[in-house]
Amino acid sequence: MPKRRRHRQAAPSPAVEKPSAVTSTSPRANPQPQDLAATLLDPSRVRPVVVISRMSDDEQPRLDSDSIALELKGVADVVVITNGQFTYELEGLLPIDTHIFGSAARVYPPGLKWTEDPYSSPLRLVRSRSDIEPVTAKIVTDAEDFAFAGGWKTASPASKGNPRENGLVKSIAPDGSRAVVELSSGLQAFLPEESTGLGVPLHWILREGMSISGAFDTGKRIFSIANLDPPLPGESYPDGCVVSALVQSVGTDSADLSLIPGESHAVALSSISSNERDSAADLLTVGEVVSVRFHRRSGQIGLSMLDVDDSEPVLAAPELVPGGGAWLLPGRDLVQKVDETPVQLIPPAYEVKSQSPVAGATALKSAELALSTERARRQQLELELTGLRSANHQYQMHAAELDADVMLGRQQAAELSGRQQEVDRLRRDLAATNKQLSDLRKKLRGVRKEEVTPQHAFLDPEQNVDFLLNYTWAVQIPAAEKDRLTMGRYRIGEGFLRSLREQPQEKQKKAFKAIVDLLVNDPAKLSAREAHQLRTHASGGSEAVSRNGGQDACWRLSIEQNVAAARRLHYWKCADGVIELSRVAVHDETQA
């Protein structure tokens, strides 16, 4: 930026772009500098104005005004100007250090406090292409902070005195921290995440375009849906199903998981991992959405992660707001927000107090004054001119010192900018490391499951199958259910061991779990595995497969679902009450 306005070269008068999101409170299209200045200095203005300046030789503006206007729809007005004659004239119409120049942006809040404290409305400079993303984020944050100062940042649930309103969710911020709601009257209101009282992002409970009802604070223009009535934990879940849960806290020997916001269930390490050397903190991450098996016994809810397969279907989590969709989704974890302390990159303003020069000599009052009097006046004026020249020289020296101070301040600001970029990089690295840690913990859980299952405990194949079935039953059935869910009588049919050995180790483990569900004869588990009689053909009306004159019937159930070549277990229900394991086959096979 040039030091003196007298050194600036005039540039053609710029055209002013007016994004579609700009409302009637913004300057009209193609405003003059005085029109924009009048709007900014209007004490009755109620919305922030984002002014973006671009270099005249930039083929494309560095800051995307359209996306910024869309992001701030209903919050602030956006105007784009071109650096040059327009910005020079605007600088002369605004208070000192409140102007805008180069490739930058500044958000002018409502009111006139910014005219007294220019750095309360900081200038956001774009020095390089790498600055575009962080500067854009700062502009949006500045506009939101100014628009809702004292409102949504400290919003609490609306009081009884606030009227109930119906509204339409127009937009939701990508991080779920805020939403814009259009009321039935056409007025747009702000819905902050904090006002729900749930502690979860808005895009977990709302969808754009959905209708909602809540309380409207007319003073702060804040919309609240705090009076929610979420369902009871596990209200619609059948016993034994797999559901999603949110990790609330993690310790060494246990973790707290939530099925509904505001409540949690303590899960012991023994229900998370079978390895006594494990720690719950090594396997789970706070904010992670995990799949658990749901149990309800004597009115008490129990959760377990021991016998959950990745291929098992997961029941949908409940909706917290009707029409907003399931509040928990597998794989959508709660990202922990990192507090960011803004760094002021602009050095303090220096104020130069100038004094008005002594007024020039007045016109001669009369041509009739004596020559001696005129000479005396001339001598007095020469003395005053000498004094003014000396003062002007001192002012120039002081201005040069101030210019040096400004240059030093800019250098310090550049250093701070570099440090801020390093902080941003470290924050990104930390977030990436946390994500890698979470992924490694998930993999560790899978490895632990594989480690604790012995595969060859006996040389005799039938003895080894008996051992693995009893081992799987011991791990799969909760301790409180072992007396009730005992395994029934069974025998190994001809060809079963061969069909089992032909399966990969992963499929064999799933087969043993399916056989345990069959032998404990739990109706809920058999229904989930779609147990049915085997027929000679795929058509439903074909004859059922049987033997011994119809005394023994062949049945099948699902070992896995929703995968290619899904495995099935074929078995005989014999007349003597014994289950005979026949073979492990793929879905399309009908051979007994």
Side-chain angles (χ1 to χ4, degrees), residues 50 52 61-64 67-68 71-72 102-107 119-146 152-154 172-178 192-194 199-204 246-252 255 279-290 331-348 407-445:
V50 180
I52 300 174
R62 295 188 177 184
L63 295 174
D64 187 350
S67 63
I68 293 175
E71 178 78 3
L72 295 175
S103 183
R106 190 192 290 269
V107 182
Y119 295 104
S120 64
S121 170
L123 182 70
R124 305 298 189 186
L125 284 169
V126 180
R127 297 180 175 85
S128 64
R129 296 290 177 180
S130 62
D131 293 334
I132 294 176
E133 184 175 350
V135 167
T136 299
K138 290 176 182 178
I139 294 170
V140 172
T141 300
D142 289 347
E144 291 174 342
D145 288 347
F146 292 150
W152 72 273
K153 286 289 185 182
T154 57
I172 304 175
D175 62 354
S177 63
R178 62 195 184 279
E193 172 190 332
E194 293 87 344
V200 297
L202 292 177
H203 62 274
W204 282 26
L246 180 66
V247 180
Q248 294 284 10
S249 62
V250 178
T252 303
S279 165
D282 292 333
L283 301 176
L284 297 175
T285 305
V286 174
E288 182 181 7
V289 177
V290 297
R332 182 178 67 181
D333 299 334
L334 184 62
V335 178
Q336 299 298 320
K337 297 179 181 178
V338 180
D339 292 332
E340 181 175 348
T341 303
V343 179
Q344 181 171 313
L345 302 180
I346 304 178
M407 181 62 66
L408 177 61
R410 288 175 177 167
Q411 293 175 356
Q412 293 173 346
E415 294 175 0
L416 287 176
S417 177
R419 293 177 184 177
Q420 179 64 37
Q421 292 176 5
E422 179 65 15
V423 170
D424 292 341
R425 185 188 65 79
L426 292 175
R427 285 195 177 110
R428 291 193 297 269
D429 291 346
L430 177 60
T433 301
N434 288 337
K435 180 64 170 61
Q436 293 176 356
L437 179 60
S438 178
D439 293 341
L440 289 175
R441 284 171 174 164
K442 293 178 181 178
K443 293 180 179 179
L444 179 60
R445 292 200 296 269

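Just so it is clear, the structure is predicted and the values come from calculations on it, not from any experiment.
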Can you tell me how far [atom2] of [Y] sits from [atom1] of [X], rounded to the nearest 0.5 angstrom?
X      : Y      : atom1 : atom2 : result
Leu334 : Thr285 : CG    : OG1   : 12.0 Å
Leu440 : Asp282 : CG    : CG    : 11.5 Å
Glu194 : Ser177 : CD    : OG    : 7.5 Å
Ile68  : Ile52  : CD1   : CD1   : 4.0 Å
Leu63  : Ile139 : CG    : CD1   : 5.0 Å

Contacts of type side-chain contact (heavy atoms from CB on, under 4.5 Å), residue [X], not counting sequence neighbours:
X      : value
Glu71  : Val140, Pro174, Arg178
Ala281 : Val250, Ser279
Ser249 : Asp256

Do Leu72 and Val50 come close enough that some side-chain heavy atom pair is under 4.5 Å?
->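 Touching, per the 4.5 Å side-chain cut-off.
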
Examine distances only and state if a side-chain atom of Thr136 and a backbone atom of Ile132 form a donor-acceptor pair shorter than 3.5 Å.
->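 Between the backbone of Ile132 and the side chain of Thr136 there is a qualifying donor-acceptor contact (under 3.5 Å).
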
Could you tell me whether a side-chain N or O of Arg106 sits under 3.5 Å from a main-chain N or O of Ser121, the two making a donor and an acceptor?
->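 Between the backbone of Ser121 and the side chain of Arg106 there is a qualifying donor-acceptor contact (under 3.5 Å).
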
In sequence, state the C-alpha distance, the side-chain angles, and the governing distance for Leu426 and Leu430, and then conclude on side-chain contact (heavy atoms from CB on, under 4.5 Å).
-> CA-CA 6 Å; Leu426 292 175; Leu430 177 60; over 6 Å; no

Taking only residues two or more places apart in sequence, or in another chain, which ones meet [X] in a salt bridge (Lys or Arg N to Asp or Glu O under 4.0 Å)?
X      : answer
Glu133 : none
Asp142 : Arg124
Asp439 : Lys435

Any idea which heavy atoms bring [X] and [Y] closest together, and the distance?
X      : Y      : result
Pro134 : Ser130 : CD-O, 3.5 Å
Gly251 : Ala280 : O-CB, 3.2 Å
Leu125 : Ala104 : CD2-CB, 3.6 Å
Ala255 : Leu284 : CB-CD1, 3.7 Å
Arg332 : His203 : NH1-O, 3.7 Å
Glu288 : Lys442 : OE2-CE, 2.8 Å

Can Val107 and Asp145 be said to form a side-chain contact (heavy atoms from CB on, under 4.5 Å), step by step?
-> CA-CA 10 Å; Val107 182; Asp145 288 347; over 6 Å; no

Going through the checks in order, is the salt bridge (charged side-chain N to carboxylate O under 4.0 Å, His left out) test met by Asp429 and Arg425?
-> CA-CA 6 Å; Asp429 291 346; Arg425 185 188 65 79; 2.7 Å; yes

